[in-house]
Amino acid sequence: MARAGGGMGSAVNVGIAVQADWENREFISNISLNVRRLFDFLLRFEATTKSKLAALNEKLDSLERKLEVLEVQVSSATTNPSVFN
């Protein structure tokens, strides 16, 4: 007498479906992990970049101030050449 539900074939189909489900979950888990790693990297990159740009900005500000002082000195030296005599 045949049983409803297909017997052994049905169990194999369920097993295949369970295996496919686990593979999909593993794939999604790997994707999620890699997205988190990428996000963490981008956060660290942003922080490092901001820090380096801030330090570079300070150096540029300092150089601009020194350049302004030099420009004033050159300007005063060209208008008053007796400084060099």
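Computed from heavy atoms alone, side chains included, the values below leave out hydrogens, waters and symmetry copies.
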Side chains of [X] and [Y]: does their closest heavy-atom pair fall under 4.5 Å?
{"X": "Ile16", "Y": "Val12", "answer": "yes"}
{"X": "Gln73", "Y": "Leu70", "answer": "yes"}
{"X": "Lys59", "Y": "Ser62", "answer": "no"}

Rounded to the nearest 0.5 Å, what separates atom [atom1] in [X] from atom [atom2] in [Y]?
{"X": "Asp61", "Y": "Asn57", "atom1": "CG", "atom2": "CG", "result": "4.5 Å"}
{"X": "Asn24", "Y": "Gln19", "atom1": "CG", "atom2": "CD", "result": "10.0 Å"}
{"X": "Leu38", "Y": "Leu33", "atom1": "CG", "atom2": "CG", "result": "11.5 Å"}
{"X": "Asp40", "Y": "Arg37", "atom1": "CG", "atom2": "CZ", "result": "9.5 Å"}
{"X": "Leu60", "Y": "Leu67", "atom1": "CG", "atom2": "CG", "result": "11.5 Å"}
{"X": "Arg36", "Y": "Asn34", "atom1": "CZ", "atom2": "CG", "result": "9.5 Å"}

*Report yes or no: do Leu53 and Phe45 belong to one cluster of Ile/Leu/Val/Met/Phe/Trp/Tyr joined by side chain heavy-atom distances under 4.5 Å?*
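Different clusters: Leu53 never reaches Phe45 through Ile, Leu, Val, Met, Phe, Trp or Tyr contacts under 4.5 Å.
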*Do Phe39 and Ile31 belong to the same hydrophobic cluster, where Ile, Leu, Val, Met, Phe, Trp and Tyr are linked whenever their side-chain heavy atoms lie under 4.5 Å apart, directly or via other members?*
no
*Is it true that a side-chain atom of Thr78 and a backbone atom of Val74 form a donor plus acceptor pair closer than 3.5 Å?*
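Checked: pair present.
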*asked:* Please check: side-chain N/O of Ser75 versus main-chain N/O of Glu71, any donor-acceptor pairing under 3.5 Å?
replied: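 The answer is no, because no donor-acceptor pair under 3.5 Å joins these two groups.
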_Check this for me, if you would: do Asp21 and Arg25 make a salt bridge, where the nitrogen-to-carboxylate-oxygen distance has to be below 4.0 angstrom?_
yes
